[in-house]
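If you're wondering where the values come from, they're calculated on a predicted model, not measured in any experiment. Letters A, B, ... are given to chains in the order of the sequence lines, protein chains preceding strands, and every chain is numbered from 1.
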Amino acid sequence: MTDRWFWRNNPDAPFATLLRVVEVHCHPESYDTAYEDLIDLARDPEPVEEMVRFKEQLREALGDPSRLPDGALFQAASFDDGSDEKFLRRLWRDLYGDEVA
Amino acid sequence: MSELKHPTSDQPAAEATAGTDASTSTEWLDRLIAAKRTDTAAGREPYAAHLDKPLAEGEPTAREVLDRFDPRRANLPDLTPTDAVRYIETHAADRPWLAPVRGHDTAVQRLFATLDQGHGHALERHEGYPSDSLLQRRVQYLEDPAQLDLTKRLAGEDAYKPGKDHQCAEVATKIGDPEAFATAFARGMEHPDVRAVLDQPLRKGSPPSPVAIPIGELLGADGARYCSGYQLRLVGGDIKATTDCRTAWVDAYRQGREPDAPAPIAVPIDNFQNTTVRFVFAPDRAKARYEVFTMYVDPPPTEEDS
């Protein structure tokens, strides 16, 4: 049986940091201020190491969403944007505004 | 607009007014509890009957685990058993998710009372309080069971994010038995993966990932019998399209527009075997450690959506 949350047990898996952070902050069952906290973390002038990796992986995923493991992003976030790409674009816009991805 | 059905039309009257009755009478509450007892519990022995059975030889019983549950180790406010019972009695009318536990084992009441004073929302969204109907409406129409203002609930406003829409994954589930819910939570607090989170200080950055524990490790082989829930019926065989269509339909409905997406349909989840119980963490109120923000059963994907 496939591990639905492979990124939890394998931090070296493809896009593991992106998926972990998305799961913690973007899933509908996340805590009340989770998304706002993510925005603060992303805009922190001295970001923690994990957020640096997160931004790199988000940028990489936006460049080619098909490289994301099949179904993993939805598993992490249960988003309602319709596609991985739309979700990633919204996330980038909310976190980094007009900065070029 | 033949697909459009008024969202209140299938809602039991007692439930539609839950928590909204301004009178001091608790008659509506008793009706609500009676209605819920017949909800999904038919043919199921209450978990209270299992409290003195160990999960395996040499393992502690559920009662032992409940009796030694220490709210402070869960980074929750502590309450004496007496204060906990008083808290439940005092607040059962205005916080209806406390009502199902009135008169139950003191250890169970204490766990509910301390959990209610914490940061999270497990009781109001994932225990017995949300009836099957409320669960269905949560996943189908994005209505928050925790929202006690009926007008706001029907408008989709989240109970804890004023002015913001409530969100829900493609499933909504509960452990619909107070003893089973309390046992799952108390056993979870002793699980090494949960302890690893609760024993660490708050750190800068994202909270730790959720922890998933097989339900059998928390409630035993029959644990799945205490779970129920609803999931969205797939649209075009695609789960992403399904949640997208749900939001589009709900938005259009609330704005009085003709939806250009199919109406969402939620169906009962019929298989909780091999399910896991998911513990989600958040900073505690003191911003010093983490606490469990919510605990809910996460059924395995069906063949249709796997």
Side-chain angles (χ1 to χ4, degrees), chain A residues 1-11 16-42 44 46-54 65 68 70-88 90, chain B residues 119-122 125-126 138-139 142 158-162 164-173 193 203-212 232 238-248 250-251 261 274 276 278 280-284 290-296 298 300-301 305-306:
Chain A
M1 188 171 134
T2 311
D3 182 0
R4 287 194 283 156
W5 300 287
F6 62 87
W7 57 89
R8 290 188 199 161
N9 300 319
N10 182 6
T17 301
L18 172 67
L19 294 166
R20 191 194 98 72
V21 171
V22 160
E23 180 187 22
V24 168
H25 291 279
C26 304
H27 192 277
E29 298 287 352
S30 298
Y31 64 101
D32 294 338
T33 59
Y35 201 70
E36 288 77 7
D37 285 357
L38 178 58
I39 293 172
D40 290 344
L41 288 169
D44 189 333
E46 294 180 18
V48 295
E49 191 184 329
E50 184 177 50
M51 287 307 295
V52 175
R53 280 201 307 278
F54 167 81
L68 283 161
D70 193 31
L73 197 59
F74 186 85
Q75 180 68 40
S78 287
F79 53 76
D80 58 4
D81 300 73
S83 73
D84 288 0
E85 184 172 357
K86 286 180 184 172
F87 170 77
L88 292 168
R90 171 171 64 86
Chain B
H119 202 187
H121 311 315
R125 290 180 182 147
H126 299 290
R138 184 182 184 212
V139 72
L142 300 173
D158 191 279
Y160 300 101
K161 301 174 188 172
K164 292 192 175 180
D165 290 343
H166 180 60
Q167 294 180 303
C168 181
E170 68 279 14
V171 298
T173 61
D193 292 350
R203 64 178 188 217
K204 184 181 178 185
S206 297
S209 296
V211 167
L232 287 177
D238 182 347
I239 189 62
K240 294 171 197 170
T242 302
T243 52
D244 186 24
C245 285
R246 173 186 59 182
T247 301
V250 168
D251 284 350
N274 302 316
T276 55
R278 190 161 144 134
V280 177
F281 304 99
D284 68 3
Y290 299 101
E291 68 176 73
V292 173
F293 174 75
T294 192
M295 177 192 85
Y296 63 96
D298 190 18
D305 58 19
S306 61

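Of the atoms belonging to B:K204, heavy atoms from both backbone and side chain fall under 4.5 Å from chain A. Using a 4.5 Å cut-off between heavy atoms, A:T33 makes no contact with chain B at all. Proximity to chain A is absent for every atom of B:D193, based on heavy atoms less than 4.5 angstrom apart. Only the backbone of A:D81 comes within contact range of chain B, judged by heavy atoms closer than 4.5 Å. Neither the backbone nor the side chain of A:D40 comes within contact range of chain B; no heavy atom of the residue lies under 4.5 Å from a heavy atom of that chain. In this structure, chain B has a heavy atom under 4.5 Å from the side chain of A:E50, while its backbone stays farther away.
Between chain B and the residues A:H27, A:E49, A:E23, A:R20, the most heavy-atom pairs under 4.5 angstrom are made by A:R20. When B:P208, B:A248, B:G120 are compared by the number of non-hydrogen pairs under 4.5 Å with chain A, B:P208 comes out ahead. Per-residue counts of heavy-atom pairs under 4.5 Å with chain B were compared for A:W7, A:F79, A:F54; the largest is that of A:F79. Options B:K164, B:H166, B:R138, B:R246 differ in how many heavy-atom pairs under 4.5 Å they form with chain A, and the most are formed by B:R138. Listed options B:A241, B:C245, B:P207, B:C168 were ranked by heavy-atom pairs under 4.5 angstrom with chain A; first place goes to B:P207. Ranked by non-hydrogen atom pairs under 4.5 Å with chain A, the options B:P283, B:G205, B:A169, B:S206 are led by B:S206.
The pair A:R8-A:D3 does not count as a salt bridge, with every side-chain nitrogen at least 4.0 angstrom from each carboxylate oxygen. A salt bridge does not link A:E36 to B:K161: none of the charged side-chain nitrogens sits closer than 4.0 Å to a carboxylate oxygen.
A pairwise comparison of heavy atoms in B:S209 and A:V24 identifies CA-CG2, 3.9 Å as the closest pair.
Here the side chains of A:Q75 and A:L19 are not in contact, with every heavy-atom distance at 4.5 Å or above.
Remark: A:D37 pairs with no residue by the salt bridge (charged side-chain N to carboxylate O under 4.0 Å, His left out) rule, at least two apart or across chains. In this view, A:K86 satisfies the salt bridge (charged side-chain N to carboxylate O under 4.0 Å, His left out) rule with no residue, not counting sequence neighbours.
Centroid-to-centroid, the aromatic rings of B:H119 and A:Y31 stay 6.0 Å apart or farther.
The aromatic rings of B:H126 and B:Y296 sit parallel to each other, their planes meeting at less than 30°, with 60° as the upper class boundary.
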